[in-house]
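A quick write-up on the structure given underneath.
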Amino acid sequence: MCGVVAVIGKENASQLVIEGLKKLEYRGYDSAGIASEANGLLQIVKSEGKLFKLVDKISRLSNEKKYFDSSIALGHTRWATHGNVNVDNAHPLTSENRIAVVHNGIIENYEILKEDLISEGFVFKSQTDTEVLPHLFMKYIKLGNDFLKAGRLVLQDIKGAFAFVAMSLDFPNQLFVSRNSSPLAIGLGEKSNFVGSDAKSIDHLTQRIIYLEDGDHALVNLDGIEIFDKNKNKINRKIINIKAEIGLITKGGYRHFMEKEIFEQPSVIPQTISNLIKNNSEININLRRLGIETKSALLITAAGTSYYAAMVGKYWIEHIADLPVIVDLASEYRYRKPSIFGQTSMIVISQSGESLDTLMALRYAKKLGLSTNSIVNVEGSTIDREAEYSLYTRVGAEIGVASTKSFTSQLIILFVISIALGEKFNKLQSKKIHRFCNYVNKLPNAIAQMLKIEDKIKLVAQNIKNSKSIIFLGRGLLYPIALEGALKLKEISYIHAEGFAAGEMKHGPIALIEDNVPVIMFLVSDGNEDKAISNLQEAYSRGAKVILIGDRKCIEKASFAHLKIEIPNFETDFKSLLSPLLMAIPAQLLAYHVANERGTDVDQPRNLAKSVTVE
Ligand code: AGP
């Protein structure tokens with residue numbers, strides 16, 4: 001999603017902005033641009049595609065002495081919402097070559113504002129919603145307002161979710177910034193200040209960060225910042241000291257971040273576990289802070305892969321703790337009138353902690369009176385800051401757009417929550433608590449063993465790489481893994497893939513089966529496997545290319561399958577209860593290898609963003 005970086009007060013501001021934009025590349029974008037000031041003129045350079053094209057353009061212009069570095073610069077990576085991917089629509093957007101604005105989010109009432117501005121004589125050069133911002137600034141500055149007053153008038157006019165930074169030749173040593181729902185951080189330096197979509201984008205410049213809150217606006221000067229809340233009251237926001245981390249993140253010898261993130265699961269997951277389980281069976285989750293003091297229903301909301309983790313969590317919590325769980329897509333929850341009957345608490349799950357849909361669901365539930373909690377990977381993210389209680393996956397930065405290690409670590413937290421709830425509501429005796437905690441501690445090793453089937457998965461990938469459409473089937477705990485397997489595959493290989501509950505096939509989706517359509521099932525023997533195998537048989541009888549990834553018993557029972565991948569041998573109870581964590585691995589590997597076979601951009605697949613900060 002769009003990334004914003006700005007620097008004021010450093011001689012090589014443009015270069016520092018580019019370094020910041022590089023740190024935001026993983027979020028996904030389709031064009032980039034930069035604005036700076038030199039010799040009293042605004043310099044704008046923009047390009048379609050990846051950042052290196054922008055860098056090439058700037059160095060060409062610098063060699064030709066047509067680009068000068070300056071002490072103020074704004075930069076942007078754009079993920080298109082309004083208007084095609086092209087240079088005109090790339091940010092910064094300008095007005096009369098005197099104002100430049102970079103923006104993340106959507107100005108929802110831009111059409112009416114644009115009509116008014118056109119009737120007042122402003123000329124629009126892009127199809128974006130953002131372009132109303134520089135023109136509104138220009139309009140109010142021309143009326144005699146200073147930068148702060150002009151910015152406030154702009155804020156009065158606009159509606160939507162946004163984080164933006166504006167610079168003006170009329171106020172050469174100032175930046176006006178504001179946020180509403182989209183994230184924005186300000187970094188404090190020595191006679192210099194910085195702005196970024198997240199703290200990591202400016203952690204090469206400072207470790208002293210202020211997160212603006214919703215409705216805040218600020219004037220960033222060379223030697224200080226003034227922050228105001230939505231009622232225009234001057235306010236002090238907390239300064240947080242962050243650790244510079246992103247500089248250390250490399251692919252570590254792997255071809256892609258996704259591959260590295262898949263393979264580092266056995267070594268990073270112990271960080272998730274060590275915080276949750278102490279001394280083998282003491283669970284470190286505060287159920288009082290989680291808002292579950294008495295038996296009540298629990299609401300979990302999330303998006304994408306995090307939503308599939310929530311689905312698995314429902315199965316576990318209902319099965320182990322006998323507590324009803326309602327799972328809702330964050331993007332749906334906010335726009336209906338959900339009943340909170342029987343509920344006291346909600347948990348949102350988000351790797352980034354910035355997904356706008358998920359953040360809005362959290363805020364909505366807070367308004368409805370629920371205790372709001374989060375499972376996040378990025379500590380200090382907006383969701384983490386707004387949740388009353390957070391549990392951290394702690395698996396380090398996830399750079400590949402496709403979630404891998406964050407999914408498995410979310411699952412672990414949910415499993416441990418189910419043990420904690422089972423203990424609280426007397427559904428688990430201490431022997432079982434001990435056994436389940438032991439299962440959790442065995443996971444890093446079990447995942448390491450699952451990773452060893454990579455070569456067999458590669459063969460499946462080669463076999464299905466040219467398919468037009470692929471079906472994933474699962475039952476029970478493995479139904480969400482079928483959905484996750486399909487999501488992962490479509491995200492990075494661009495092959496159409498759908499996941500279905502195996503028992504639902506006969507109610508409609510079976511019509512999709514024709515000769516050679518791959519039907520992939522993840523399966524472990526848990527006493528109910530025969531039902532799933534019958535569903536597979538139904539697909540086989542209609543010509544599907546049946547691929548089974550399962551334990552020995554299932555493979556023997558489904559000998560008719562065209563391709564059979566046997567997983568390592570695990571204790572029956574462990575493998576059936578924790579099957580989602582085991583089977584997430586072949587699902588991830590399969591998507592990764594199909595994408596590699598097809599030569600797609602694995603870490604930054606087309607159209608996708610890592611941090612989805614628009615609705
Ligand atoms: C997963 O591979 C996706 N990239 C996507 O579905 C993601 O899980 C979703 O956007 C939610 O993100 P979050 O966990 O950061 O909130």
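Throughout, numbering of the chain's residues begins at 1 and tracks the sequence. For ligands, and for the atoms within them, numbers begin at 1 and follow the listed sequence.
Between H103 and H91, the two ring planes are parallel [angle under 30°; tilted spans 30° to 60°].
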Working for side-chain contact (heavy atoms from CB on, under 4.5 Å), residues I585 and Q265: CA-CA 9 Å; I585 306 302; Q265 289 175 99; 3.5 Å; yes
Apply side-chain hydrogen bond (donor to acceptor under 3.5 Å, both in side chains) to residues N373 and S345 and explain how you reach the verdict. CA-CA 8 Å; N373 310 285; S345 177; 3.1 Å; yes
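In this structure, D216 pairs ionically with R237, as a charged nitrogen and a carboxylate oxygen lie closer than 4.0 Å.
For ligand 1, the polar-atom distance check against T305 finds a nitrogen or oxygen pair separated by under 3.5 Å. For ligand 1, the polar-atom distance check against V401 finds a nitrogen or oxygen pair separated by under 3.5 Å.
For ligand 1 and A402, the ligand atoms under 4.0 Å from any heavy atom of the residue are 2 (O). For ligand 1, the atoms lying closer than 4.0 Å to a non-hydrogen atom of K488 are 1 (C), 2 (O). Heavy-atom proximity to A303, at under 4.0 Å, picks out these atoms of ligand 1: 8 (O), 9 (C), 11 (C). Of all atoms in ligand 1, listed by their number and element, those nearer than 4.0 Å to a heavy atom of S306 are 8 (O), 13 (P), 14 (O). Distances below 4.0 Å separate heavy atoms of S350 from the following atoms of ligand 1: 13 (P), 14 (O), 15 (O), 16 (O).
Between the side chains of T358 and S350, not a single donor N or O lies within less than 3.5 Å of an accepting N or O. Defined by atom type and a distance below 3.5 Å, a donor-acceptor pair is present between the side-chain atoms of E25 and Y29.
Residue L276 is tested with I283, I412, I417, N284 for a side chain to side chain contact (heavy atoms under 4.5 Å, CB included); the sole match is I412.
For atom 10 (O) of ligand 1, the closest heavy atom belonging to the protein is V612 CG2, 3.9 Å.
Across G304, S355, S352, heavy-atom proximity to atom 12 (O) of ligand 1 is greatest for S355. Compare K610, E491, E398 by their heavy atoms: the one nearest to atom 4 (N) of ligand 1 is in E491.
By the criterion of a heavy-atom distance under 4.0 Å, neither the backbone nor the side chain of E354 is placed next to ligand 1.
No cation-pi contact links R179 to F162, judged by a cut-off of 6.0 Å to the six-membered ring centre and 45° from its axis.
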